[in-house]
Amino acid sequence: MIEKCLFPAAGYGTRFLPATKSMPKEMLPIVDKPLIQYGVEEALEAGMHHIGMVTGRGKRALEDHFDISYELEDQISGTSKEAALEGIRRLIRDCSFSYTRQIEMKGLGHAILTGRPLIGDVPFGVVLADDLCLNPGGVGVLAQMVELYRQFRCSIVAIQEVPAADTASYGIVEGEPVRGDIIRVTRMVEKPKPEDAPSNLAIIGRYILTPDIFGLIESTPPGRNGEIQLTDALNEQARRGCVMAYRFKGRRFDCGSVAGYVEATNHVFGEASGDQS
Ligand code: UTP
């Protein structure tokens with residue numbers, strides 16, 4: 001249904017300095033697997049096998065990760081260590097990967113516009129890999145959203161409730177309930193102070209976007225710090241009644257922050273070692 005997924009991955013990751021000085025934030029491992037690999041697995045599960053990445057300076061490790069390393073393959077060939085590469089080999093086999101570079105980091109909206117040549121004129125998924133979404137034993141978050149796209153044929157944003165004090169870190173939605181877990185969005189506010197927030201429903205890093213978003217981003221003037229926000233273009237779609245917000249099933253970890261990253265690491269390690277705490 002939706003075959004393409006865009007990964008904006010050009011951000012500087014300043015909250016993880018110095019670790020991210022010469023290494024992409026998206027290559028930070030949660031236990032033994034980099035964040036970007038979790039994201040691509042989720043996209044493939046949702047049927048999106050054409051993967052487009054918007055990268056930037058110092059992000060070459062992302063391309064190398066989704067390629068064969070012949071010396072390494074030769075070195076571990078025939079040993080038990082080969083099992084550790086099974087997951088990534090499957091992604092390399094089943095997906096196509098294309099890359100483009102964002103030259104100036106002018107915000108998420110600008111990063112998505114930069115990815116336009118990798119997408120074309122079709123609806124597509126967007127994954128911000130620093131948001132790790134897990135739904136063990138169930139369907140992944142992006143696959144849940146594809147199911148909704150089938151019904152509504154409009155842009156879908158994933159949302160979760162956040163503490164009122166945290167609204168200034170997110171895009172916050174306002175809208176009319178369509179059913180328990182779905183809201184038709186009427187308005188979005190980018191990073192409002194708690195007293196200005198229309199709700200405590202925050203947009204997280206999973207989207208399905210219809211391709212008219214590109215033209216809308218193009219006509220969005222730069223805002224704070226010269227950045228072009230995705231929220232402004234989404235607001236235009238919302239005015240036309242074409243954005244649904246979805247309270248997904250599963251758990252999201254904000255791995256763009258050190259605290260969220262540590263929480264995700266402990267959770268995944270606990271699950272793997274059978275620790276129920
Ligand atoms: P963040 O707001 O998390 O920014 O971007 P960041 O630069 O990655 O991290 P900090 O805040 O400095 O620690 C959200 C997502 O949008 C991408 C990032 O790579 C991340 O996946 N992004 C952001 C771009 O691709 N380009 C941009 O210009 C900005």
Side-chain angles (χ1 to χ4, degrees), residues 5-30 34-40 42-43 51-63 65 97-119 124-133 141-142 157-160 162 166-172 188-192 202-207 209 213-214 217-218 220-234 252-264:
C5 191
L6 194 63
F7 286 73
Y12 291 119
T14 53
R15 284 169 288 174
F16 274 92
L17 285 171
T20 47
K21 184 166 173 276
S22 64
M23 184 187 84
K25 168 171 75 172
E26 296 76 12
M27 285 303 294
L28 287 170
I30 300 296
L35 281 165
I36 192 79
Q37 189 174 332
Y38 285 93
V40 173
E42 190 185 328
I51 306 296
M53 290 193 191
V54 180
T55 68
R57 284 178 292 283
K59 299 272 186 169
R60 228 170 284 162
L62 288 170
E63 295 182 40
H65 189 67
F97 294 89
S98 30
Y99 303 88
T100 190
R101 274 196 186 208
Q102 193 184 12
I103 308 295
E104 290 177 283
M105 309 326 162
K106 291 200 267 183
L108 178 58
H110 182 259
I112 289 179
L113 189 57
T114 304
R116 184 182 200 169
L118 307 182
I119 299 296
F124 60 102
V126 173
V127 170
L128 306 186
D130 51 357
D131 265 345
L132 175 66
C133 291
V141 174
L142 217 46
V157 298
I159 51 166
Q160 74 169 140
V162 295
D166 294 351
T167 56
S169 304
Y170 297 93
I172 301 291
M188 273 159 280
V189 188
E190 183 64 20
K191 303 191 167 78
I203 302 176
I204 62 124
R206 297 291 182 279
Y207 308 79
L209 299 175
I213 199 78
F214 293 124
I217 298 172
E218 259 175 344
T220 299
R224 234 186 309 174
N225 311 325
E227 292 198 347
I228 298 177
Q229 302 294 348
L230 175 62
T231 310
D232 296 338
L234 277 171
R252 167 249 179 191
F253 296 90
D254 173 14
C255 295
S257 75
V258 173
Y261 175 76
V262 172
E263 195 188 348

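Computed from heavy atoms alone, side chains included, the values below leave out hydrogens, waters and symmetry copies. The model shown is predicted, which means the values in this text are computed figures rather than measured ones. We count ligands from 1, going down the list as the structure has it; atoms in each ligand are counted the same way.
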For the residue pair R57 and Y12, establish whether any side-chain heavy-atom pair is separated by less than 4.5 Å. yes

Counting from 1 in the order shown, the ligand 1 atoms closer than 4.0 Å to a non-hydrogen atom of Q102 are 24 (C), 25 (O), 26 (N), 27 (C), 28 (O)

Option whose closest heavy atom lies nearest to atom 2 (O) of ligand 1, chosen from E227, H110, R15: R15

Residue, atom name and distance, where the atom is the protein heavy atom closest to atom 18 (C) of ligand 1: G11 N, 3.6 Å

Can you confirm whether D130 sits close enough to F16 that some side-chain heavy atom of one is under 4.5 Å from a side-chain heavy atom of the other? no

Is a donor on one side and an acceptor on the other found under 3.5 Å between the side chain of E42 and the backbone of L142? yes

Short N/O distance, under 3.5 Å, between K59 and ligand 1? no

I need the minimum non-hydrogen distance between I112 and I217, along with the two atoms involved. CG2-CD1, 3.9 Å

My question is simple, although I want it checked carefully: is atom 6 (P) of ligand 1 less than 4.0 angstrom from any protein heavy atom? yes

Member of K59, Q37, H65 meeting the side-chain hydrogen bond (donor to acceptor under 3.5 Å, both in side chains) criterion with E26: K59

Would A10 count as a polar contact of ligand 1, with the cut-off being nitrogen or oxygen pairs under 3.5 Å? yes

Chi angles and distances behind the ring-ring contact (aromatic ring centres under 6.0 Å, His included) call for F97, F7: CA-CA 11 Å; F97 294 89; F7 286 73; 8.7 Å; no

Which of the numbered atoms in ligand 1 are under 4.0 angstrom from any heavy atom belonging to M105? 28 (O)

I need the atoms of ligand 1 closer than 4.0 Å to a non-hydrogen atom of K25, numbered in the order shown. 3 (O), 6 (P), 8 (O), 9 (O)

With rounding to the nearest 0.5 Å, note down the distance linking OG1 in T114 to CG in L6. 9.0 Å

For G205, is there any backbone N or O sitting under 3.5 Å from a side-chain donor or acceptor partner on R252? no

Starting from atom 21 (O) of ligand 1, which protein heavy atom do you reach first, and at what distance in Å? P8 O, 3.0 Å

Top protein contact for atom 12 (O) of ligand 1, by heavy-atom distance: T14 OG1, 2.5 Å

Taking only heavy atoms of A111 into account, list the atoms of ligand 1 that are under 4.0 Å away from them. 24 (C), 25 (O), 26 (N)

Can you tell me the protein heavy atom closest to atom 14 (C) of ligand 1 and the distance? L128 CD1, 4.3 Å

E26 heavy atoms within 4.0 Å reach ligand 1 at atoms 19 (O)

Okay, side chain of T167, backbone of P192: is any donor-acceptor separation there less than 3.5 Å? yes

Can you name the nearest heavy-atom pair linking A202 to V162, along with the distance? CB-CG1, 3.7 Å

For atom 29 (C) of ligand 1, state which one of A129, G205, G107 supplies the nearest heavy atom. G107

With a 4.0 Å cut-off on heavy atoms, does V54 reach ligand 1? no

Closest approach of A10 and T55, non-hydrogen atoms and distance? CB-O, 3.5 Å

Suppose I only count heavy atoms of K106 and a 4.0 Å limit; which atoms of ligand 1 are within that range? 28 (O)

In terms of heavy-atom contacts, I203 and Y170 come closest through O-CD2, 3.7 Å

Show the atoms of ligand 1 that are less than 4.0 angstrom away from any heavy atom in D130. 3 (O), 20 (C), 21 (O)

Backbone or side chain, does any N or O of L108 fall under 3.5 Å from an N or O of ligand 1? no

The atoms of ligand 1 lying under 4.0 Å from a heavy atom of Y12, numbered in the order shown, are 7 (O)

